[in-house]
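Notes follow the structure.
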Amino acid sequence: MSNDTIKQILKKTESIGNEISVDGWVRTKRDTKEIAFVALNDGSCMNNLQVIADKSEISEDILHRLTTGASCSVTGTLVESPAKGQAVELQASAIEVLGDCPSDYPLQKKRHSFEFLREMGHLRARTNTFGAVARVRNALTMAVHNFFQENEFFNVHTPLITASDTEGAGEMFQVTTLPFETFDSSKGIDYSRDFFGKKASLTVSGQLSAETYATALGRVYTFGPTFRAENSNTSRHLAEFWMIEPEMSFCDINGDMDLAEDFLKYVLNFVLENCAEDMEFFNKFVQKGIIDDLKAVINSDFTRISYTKAIEQLEASGREFEFPVSWGIDLASEHEKYLTEEVYKGPVIITDYPKDIKAFYMKLNEDGKTVRAMDVLVPRLGEIIGGSERENRHDVLLKRIEEMGLEAEDYWWYLDLRKFGTVPHAGFGLGFERLVQYTTGMANIRDVIPYARSAKNCEF
RNA sequence: UCCCCUGUAGCUCAGUCGGUAGAGCGGGUGGCUGUUAACCACCAUGUCAGCAGUUCGAGUCUGUUCGGGGGAGCCA
């Protein structure tokens, strides 16, 4: 923690003329007869610090070892740069090589494909793109907490291991200490001998637990890892991902939509303000025009339409969809894309879905056919947020549980929330990696989390 | 899980009608220039993903296994 980071050095022009020391990794070196130009990066920001290594000051041996990827500590004088391309540069008086980098270093000073870099999970953060993703991801994490804390939400740590396999959001990973080397399938499984004395799994959602705290603290949110054992092989799914789930008491579906809209605008704005350089990079090299897109979202009013209206629009479009449109179907990607990218050209919130295609806990409308669900759809990605007002009537919830073929006794504590001082409440869920994807324009979700876990993929 | 595409040097790719391997970048060496993905010259580098088959002969054709990508479904 002794030396300034390159980010600090590049910002503080008043230190021109001072003797400073900097640590970092060599990105590139350009040799001339008298001088070598070394682009030094320390991860603190996108930009490199140009180090001037005069061959009269720095030995040939040291210069020879400053290969791409090598780490070093440079001492010298910060001076105004006489050439274009950078405002300041470091005139080196001494360079210490901390770690050599032999020529079989896989990251060359050229662009690599994301596919190749995925095989280099332990090194890819040293590239411009993945460094920027990591910094933006960090900023988004900050923004999420700031937003909820400023709005008086309490962060709740919901359990990662759960014994209720009834959360109903997808296939679960089982957690067990039973020795399956000696497992005899003909005898069945005696879970009473397992660690928890019953079948346990990794959580697929913190929502039900969050609801219990919302009905005590008012406004809460979770922000933690979630696990789904789905065999889905797409650029939008992970087996391990981070989810944000706010839950509010004394709130209906309209308040829920307001929160979702405010939330998205807040975090996007936070990143544009705090990661300007990284966002410029994405704007230029990853997704052209993304900064203007995000600004447009921040300054727009999200369109809010009912499911029934959306179906009418799709039917009236005259479009040949692969999946035919009729009231009662779940919207497919092509339908969502049409609505967000072609009709409204921006975020769209769709509400009041048919009860049969949504979860049991969503509040039933007076029509008896639809529930107070709301999905936020955005261009490029589709559904980014899914939420609802929760069913707060004990008798209706019980009936819905039975209708869906679920066991009421599995939900005894969840039903208790409606038995004892029930309140209207609502919330939503948001996959954090999808938010990072949407913000950076990165096309594949495996490139916005440090180490992606998906079917048949658990490297590093 | 389904459909489509794909696997050749460290990377990105070309390789025609089946005749025994090529470019750019990267690396090494030398030169040159306050350079900016520097430039110029020279040099080195391959289990053509694996296995099996057809053929006088397979990077090329066939089968199969594995890996990667895109789309779909499921979803966040």
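Residue numbers begin at 1 in each chain, while the letters A, B, ... track the order of the sequences. This one's a predicted model, so the numbers in the text were calculated from it and none came from an experiment.
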### Query
Any donor and acceptor pair, going by atom type alone, linking the side chain of A/R228 with main-chain N or O of A/V204 inside 3.5 Å?
yes
### Query
Taking the side chain from A/D352 and the backbone from A/R372, do they hold a donor-acceptor pair closer than 3.5 Å?
no
### Task
Answer yes or no: does atom NZ of A/K284 have more than 12 heavy-atom neighbours from other residues, nucleotides or ligands under 6.0 Å?
no
### Position toward the 5' end of RNA chain B (nearest nucleotide), A/L331 or A/T28
A/T28
Residues that [X] engages under side-chain hydrogen bond (donor to acceptor under 3.5 Å, both in side chains), provided they are two or more places apart:
| X | value |
| --- | --- |
| A/T308 | A/W327 |
| A/E433 | A/R137 |
| A/Q174 | A/Y191 |
| A/K265 | A/E261 |

### Message
Taking the basic N atoms (NZ, or NE/NH1/NH2) and the acidic carboxylate oxygens, is any pair closer than 4.0 Å for A/R124 and A/D447?
### Response
yes
#### Entry: Salt bridge flag under 4.0 Å for residues A/K358 and A/D375
yes
Residues in side-chain contact (heavy atoms from CB on, under 4.5 Å) with [X], at least two apart?
| X | value |
| --- | --- |
| A/N283 | A/E280, A/I290, A/I291 |
| A/Y213 | A/V156, A/L217, A/V220 |
| A/N138 | none |

OP1 or OP2 of [N] versus the side-chain N and O atoms of [X]: is any pair under 4.0 Å?
| X | N | result |
| --- | --- | --- |
| A/T68 | B/rG26 | no |
| A/T234 | B/rC75 | no |
| A/R27 | B/rA37 | no |
| A/R446 | B/rG68 | no |
| A/T32 | B/rC32 | no |
| A/R30 | B/rU35 | no |

### Task
Any side-chain hydrogen bond (donor to acceptor under 3.5 Å, both in side chains) involving residues 60-70 of chain A? Give me the pairs, sequence neighbours left out, ordered by first then second residue.
A/R65-A/D100
Whole-Å distance between [N] [atom2] and [X] [atom1]?
| X | N | atom1 | atom2 | answer |
| --- | --- | --- | --- | --- |
| A/N233 | B/rA72 | CG | P | 13 Å |
| A/L107 | B/rG27 | CG | C1' | 14 Å |
| A/H112 | B/rC25 | NE2 | C1' | 10 Å |

### Watson-Crick and G-U pairing of RNA chain B written in dot-bracket, each distance under 3.5 angstrom, with | for inter-strand partners
(((((((..((((.....[..)))).(((((.......))))).....(((((..]....))))))))))))....
## Note on the structure
Residues in residues 114-130 of chain A with a heavy atom under 4.0 Å of RNA chain B, by number, are A/E115, A/F116, A/R118
#### Entry: Residues in contact with RNA chain B, drawn from residues 49-64 of chain A - heavy-atom cutoff 4.0 Å
A/Q50, A/I52, A/H64
### Message
Between B/rA58 and B/rA72, how far apart are the two P atoms, rounded to whole Å?
### Response
42 Å
### Nearest listed nucleotide, side chain of A/H237, among B/rC25, B/rU35, B/rC75
B/rC75
#### Entry: Sole candidate of A/E334, A/E342, A/H335 that passes side chain to side chain donor-acceptor pair (under 3.5 Å) when paired with A/R319
A/E342
### Query
Which letters describe nucleotides 39-48 of chain B, given B = protein heavy atom under 4.0 Å from base, S = only from sugar-phosphate, - = neither?
----------
